[in-house]
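Working notes for the structure below.
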Amino acid sequence: MSNPQLERLTARAEHVVRTEDLAERLEGGKPLRVKLGLDPTAKDVTLGWAVPLRKLREFQDEGHTAVLIVGDFTARIGDPSGKSDTRKQLSKQEVKDFAASVLDQFGDILDSSRLEVRYNSEWLEPMDLGDLLTLTSRYTVAQMLERDDFSKRYTENRPIALHEFMYPLMQGYDSVAVEADVELGGTDQLFNLLVGRHLQKAYGQSPQIAMTMPLLVGLDGVNKMSQSLGNYIGIREAPEEMFGKLMSIPDQLVGSYASLGAWKTEAEVSALQRTVAAGGPEAGQVKRSIASEIVATYHGVDAARSAEEAFDKRFKQHEAPDDMPEVKIPLVAITDVTVFLPAALAELGLASSRGEARRLIAQKGVRIDGEVVTEEEIGISELEGRVLQVGKRRFVRISA
RNA sequence: GGCGGGAUGCCCGAGUGGCCAAAGGGAGCGGUCUGUAAAAUCGCCGGCUUAGCCUUCACAGGUUCAAAUCCUGUUCCCGCCA
């Protein structure tokens, strides 16, 4: 590759179909229309989502136009990509709320001056049965079943609802509607992006370049980062929370977070990975610096620094954090001058039930001012004005 | 339309009359340890002021001293044939 722009734009990508086409269009000198579908089915933007977004930003920085497709129509079907179950259908209002929240957060990453936002209900809603037949006639059942998750579900005797076949077609048709030059997505989107190419050809356009970005693995170290799995970090999460979560990723993931989160170059990443693999305090140091850089990307360097300090205070020195919610002892837990602690903990949301709270006490997981609590029943005066702690992370100050 | 299979705790999944609040795994939570909210390791994991009691195995009834397990009906799901 001799074209430096091409090189920058394809960095970190998993697949580019086809690189030659991209090179050619860049040569053409016209700003490209770079499409990214936004699936408004959850309210937060995760670090995983940020990966294609940042790629899109790179395109913007090179003078190209970002075309965001809000899948308000398709969200009502639910993208079956990578799913082994039919996704539930959302109501119009839910979709609208999610879209608003997500678009707002996208603003943290994208450049609003080279941005076009389109809702796919614009062209999908008015389609009539005839249009639909034209669209569906361009693809075969065998082609659909090529898709990994469909074929898997099919052979495993799991249901595939007919409307799920429509999803890739609709997403592909979006590319036709906005005349996309490039479409970005996660690797799990490759099939859908290729359908877009196919349909564009069928509708007489030149096929878009499909570019996929690697999927960021979530906090569990196994699955793709996703909100439905709860293994995610949101880009709007508090610095301290973000830093803590980043410190909890398995060591093997540090490399990919360095690349896809801290946007390190390939060379830097492999150096970091070697250090982590060697283990020892240096490994922790690497994880720390990556965590800190990612936090700084979204909250600034100062916030990142204080998040790191707060983390050390709590987990290395085992000190209580500076600020914590102040709460009153729940009345139901009080009898005369004593407090029934399991009831108090459950009521305050520090334990999910009284039984859970009892277990926590039995397991030495509850402390008052740092001292392990062994009794379930304690005097009110022993609680008022003190810091009540559950586990390592949950703190609450009891008002006097 | 015909025939067959299935629905178990947050998820996966064993259990086919009492030994079942229900194996095992995952997730989650707590302790220890540590460079860490990593790893490892030990423990907990329906509810309840807990040697006991209460409510659970799709839903509604029934049989039985006793039902997740047997019977009837209902709902939903899957497969095969058409």
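In what follows, chains are A, B, ... by sequence order, proteins preceding strands, each numbered from 1. Side chains are part of it too, since the values below use all heavy atoms of this structure and drop only hydrogens, waters and symmetry mates.
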[N]: pairing nucleotide in any strand, Watson-Crick or G-U under 3.5 angstrom:
{"N": "B/C80", "answer": "B/G2"}
{"N": "B/C20", "answer": "none"}
{"N": "B/C59", "answer": "B/G73"}
{"N": "B/G43", "answer": "B/C29"}

Using the [atom1] atom in both, what is the distance from [N] to [M], to the nearest Å?
{"N": "B/A37", "M": "B/U32", "atom1": "C1'", "value": "15 Å"}
{"N": "B/G6", "M": "B/G61", "atom1": "P", "value": "25 Å"}
{"N": "B/A51", "M": "B/G43", "atom1": "P", "value": "23 Å"}
{"N": "B/C42", "M": "B/A68", "atom1": "C1'", "value": "32 Å"}
{"N": "B/A7", "M": "B/A14", "atom1": "P", "value": "9 Å"}
{"N": "B/A58", "M": "B/G9", "atom1": "P", "value": "8 Å"}
{"N": "B/U8", "M": "B/G4", "atom1": "P", "value": "23 Å"}
{"N": "B/U36", "M": "B/G24", "atom1": "C1'", "value": "31 Å"}

Value in whole Å for how far the [atom2] atom of [N] lies from [atom1] of [X]:
{"X": "A/D251", "N": "B/A38", "atom1": "CG", "atom2": "P", "answer": "10 Å"}
{"X": "A/K364", "N": "B/G30", "atom1": "NZ", "atom2": "C1'", "answer": "11 Å"}
{"X": "A/L219", "N": "B/A39", "atom1": "CG", "atom2": "C1'", "answer": "16 Å"}
{"X": "A/I249", "N": "B/A37", "atom1": "CD1", "atom2": "P", "answer": "14 Å"}
{"X": "A/R394", "N": "B/G30", "atom1": "CZ", "atom2": "C1'", "answer": "9 Å"}
{"X": "A/E377", "N": "B/U50", "atom1": "CD", "atom2": "P", "answer": "11 Å"}
{"X": "A/I361", "N": "B/C48", "atom1": "CD1", "atom2": "P", "answer": "12 Å"}
{"X": "A/E356", "N": "B/C45", "atom1": "CD", "atom2": "P", "answer": "10 Å"}

Legend entry - Side-chain N,O (A/S353) to OP1/OP2 (B/C48) below 4.0 Å: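 Yes, within the criterion.
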Legend entry - Under-4.0 Å side-chain N/O to phosphate OP1/OP2 contact, A/R393 with B/G28: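 No, outside the criterion.
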Legend entry - B/U36 pyrimidine/purine six-ring stacking with A/F315, under 5.5 Å and 30°: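 No; centroid distance or tilt outside limits.
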Base, sugar-phosphate, or nothing for [X], non-hydrogen atoms under 4.0 angstrom?
{"X": "A/E375", "result": "nothing"}
{"X": "A/G391", "result": "sugar-phosphate"}
{"X": "A/P250", "result": "sugar-phosphate"}

Legend entry - Flag for A/D44-A/Y232: side-chain donor and acceptor within less than 3.5 Å: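 On atom types as modelled, these side chains qualify, holding a pair under 3.5 Å.
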Legend entry - No-hydrogen, no-angle side-chain donor-acceptor test under 3.5 Å, A/W263 and A/E58: yes
Legend entry - Contact nearer the 5' end of RNA chain B, comparing A/T335 with A/G365: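 It is A/G365 whose nearest nucleotide is closer to the 5' end.
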Inset, instruction - For A/E282 and for A/S352, find the nucleotide of RNA chain B with the closest heavy atom, then tell me which residue's nucleotide is more 5'. - result: A/E282
Inset, instruction - Decide, yes or no, whether a salt bridge links A/R147 with A/D188 under the criterion of side-chain N to carboxylate O below 4.0 Å. - result: no
Inset, instruction - Could you tell me if the ring centre of A/F106 sits under 6.0 Å from that of A/W49? - result: yes
Could you check which of [options] has an atom nearest any side-chain atom of [X]?
{"X": "A/K287", "options": "B/C33, B/G30, B/U36", "result": "B/U36"}
{"X": "A/R354", "options": "B/C48, B/G43, B/C33", "result": "B/C48"}
{"X": "A/R358", "options": "B/C45, B/U49, B/C29", "result": "B/U49"}
{"X": "A/S248", "options": "B/G31, B/C44, B/A38", "result": "B/A38"}

Legend entry - Check: A/Q208 main-chain N/O paired with A/Q200 side-chain donor or acceptor under 3.5 Å: yes
Inset, instruction - May I ask you to verify whether the side chain of A/D312 and the base of B/G35 hold a donor-acceptor pair under 3.5 Å? - result: no
Inset, instruction - Identify which one of A/R8, A/R114, A/K55, A/R57 satisfies the salt bridge (charged side-chain N to carboxylate O under 4.0 Å, His left out) criterion when paired with A/E62. - result: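 Exactly one pass, corresponding to A/R8.
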Inset, instruction - Kindly confirm or rule out a cation-pi arrangement of A/R138 over A/Y203, judged by NZ or CZ under 6.0 Å from the six-membered ring centre and within 45° of its axis? - result: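 Yes; both conditions hold, so A/R138 lies above the ring face of A/Y203.
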